[in-house]
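Working notes, structure below.
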Amino acid sequence: MGHLGTTASTDLMAGCDTLLIVGSNDPWAEFYPAPGQARAVQIDITARNIGAKYPVEVALVGDAADTLDGLLPLLPERQGWRSEVEGFVQTWQEAAEQHIQQETDSLNPQRVVQELSTHLPTDAQVSVDVGSVVYWYTRYVQLPSGVPAHLSSTLASMGSAMPYGIAAKLLHPDRPLVALAGDGAMQMNGLSEFITVAARWRDWADPRFVVLVLNNGDLSEVSWEQREMEGDPRFPTSQEVPAFPYAEYAELLGLNGIRVDDESQVADAPPRRRPPARATRSRGVIAPRIAAVAISAFVPLDSD
Amino acid sequence: MSAPTVADGIVERLTQWGVGRVFGFAGDGIDPLLAALRRREDEVELVTARHEEMAAFMATGHAKYSGEVGVCLVTQGAGRDHLLNGLYDAKLDRKPVVAIVGQVVSTALGSGYLQEVDLHTLFKDVCAQYVQTVTTPDQLPHVLDDAFRTARATSSPVCVIVLHDVQKADLPEQGQQARYRCHDLAARQARP
């Protein structure tokens, strides 16, 4: 929903006459249905969240799963609306497929993330950074059941992927960890915490700690916002992320760094096999005026 | 072996709260706590980050992936300032995190000692549910207990500040906690 959402979520919010908010306190108030458009019911375990973002007629304070169990038998099925929603979803899926297949000068990050999604092990844990990578995560990553994923959601602070990934790995060293980050976040602090990974991976039953670095040399989300929200041109001085050899850095730390430069390498994604563990990085232009995208993933060389 | 310190008591209480891992970064303001962690290294793992902000993010991440309380430990110097952003992550996503922070010795408080800042003011917003300074050994374990209870009950970050000399002080005997002494004091004051 909102900046990170899909056309389906936009259509849903624009077309609904009833809104059920379940355990959500989504801060982007401007993307809820228009005031007066929908009658709303909200379920939240925290009473202070009820009505905080959209006026609600019925407040249900309590556990979301239990409340839904009680609520669902009372809801009549509305066939007409359901088919409309299915149409919204189909429209989005067709658009998403076009985005994924879009030919770019080099690598298309949407295709890379979608491809990564198809390779996620069923016992993986996922950590995500903040920036344009969140758009690709929300739109193209299908988490297998039981695979957790976290990011700095409400604070939306850059720099969450590596420390979250390390915390998750320490909790479950026998599960592969997949982190998604941009080059801006990696340079802010992710590169430093790679040293922590390099110092600890030998202690882990499954040493796979795969980091996908989308490296386009640009603070993309803010570059988009400069154009889309302000109507300003991208300001290169503020937006440029200096070039850095992520894969070589991984090798320097005794990890495996692989740079992926072209589409043919994308399907050879790192988390699928074990051992030998693999890693990836790539570089390419995703659109005119948007700089190159690169991908890095790192795992220890001798992980078996 | 020398008598257990307040720092030893804090680490012992952490184990009783089920804490097996503390995310942190060293500093002279928490050396007695680090020494206590060294003495219990087989029970509580100190995971060092490369920067205190990352330690706080790790504690928040720990809370998110485990559903339990995350714990981070930093010194009274610049480290405590670095901690803030990671604690705000916990606050805005409503996750329980206990931050344990050092502070200068009690006799130096308010003197403008090296690295000294007003920690209650610093943490007042991010740890709005609970921020407390341990100025005397008798405040333990109830301050730590209240911090954990508050973090869990309100799903938010809390802060326990421990003066350097208090960390090093002898651990009071069990049952001599301040809340009971408050009763003693009240009883004494009530006497004619």
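The chains referred to below are lettered A, B, ... by the order of the sequence lines, with proteins before strands, and numbering in each begins at 1. Here the structure is a predicted model, which means the values were calculated and not measured.
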Note: A/A167 and B/G61 closest approach over all heavy atoms is CB-C, 3.9 Å

Is it the backbone or the side chain of A/L151 that comes under 4.5 Å from a heavy atom of chain B, or both, or neither? backbone

I need the contact set between residues 101-113 of chain B and chain A: heavy-atom distance under 4.5 Å, sorted by residue number. none

Please flag which part of A/L171 lies under 4.5 Å from any non-hydrogen atom of chain B: side chain, backbone, both or neither. both

Please classify the contact of A/V126 with chain B as side chain, backbone, both or neither, using a heavy-atom distance under 4.5 Å. backbone

Which donor-acceptor pairs sit under 3.5 Å apart between chain B and chain A?
from  : atom 1 : to     : atom 2 : distance (Å)
B/R21 : NH1    : A/L170 : O      : 3.4
B/R21 : NH2    : A/L170 : O      : 3.2
B/E45 : OE2    : A/R200 : NH1    : 3.0
B/R50 : N      : A/E193 : OE2    : 2.9
B/R50 : NH1    : A/T196 : OG1    : 2.7
B/K64 : O      : A/H150 : NE2    : 3.2
B/K64 : NZ     : A/L151 : O      : 2.8
B/K64 : NZ     : A/Y164 : OH     : 2.7
B/Y65 : OH     : A/V126 : O      : 2.5
B/N85 : ND2    : A/S157 : OG     : 2.8
B/D89 : OD1    : A/S152 : OG     : 2.7
B/D89 : OD2    : A/Y164 : OH     : 2.3
B/L92 : O      : A/T154 : OG1    : 3.3
B/D93 : OD1    : A/T154 : N      : 3.0
B/D93 : OD1    : A/T154 : OG1    : 2.5
B/D93 : OD2    : A/S153 : N      : 2.9
B/R94 : NH1    : A/T46  : OG1    : 3.0
B/R94 : NH2    : A/T46  : OG1    : 3.1

Can you name the side-chain contact (heavy atoms from CB on, under 4.5 Å) partners of B/D31, sequence neighbours left out? B/D28, B/L34

Results of side-chain contact (heavy atoms from CB on, under 4.5 Å) for A/V22 - residues two or more places apart only: A/L20, A/I43, A/A64, A/L68

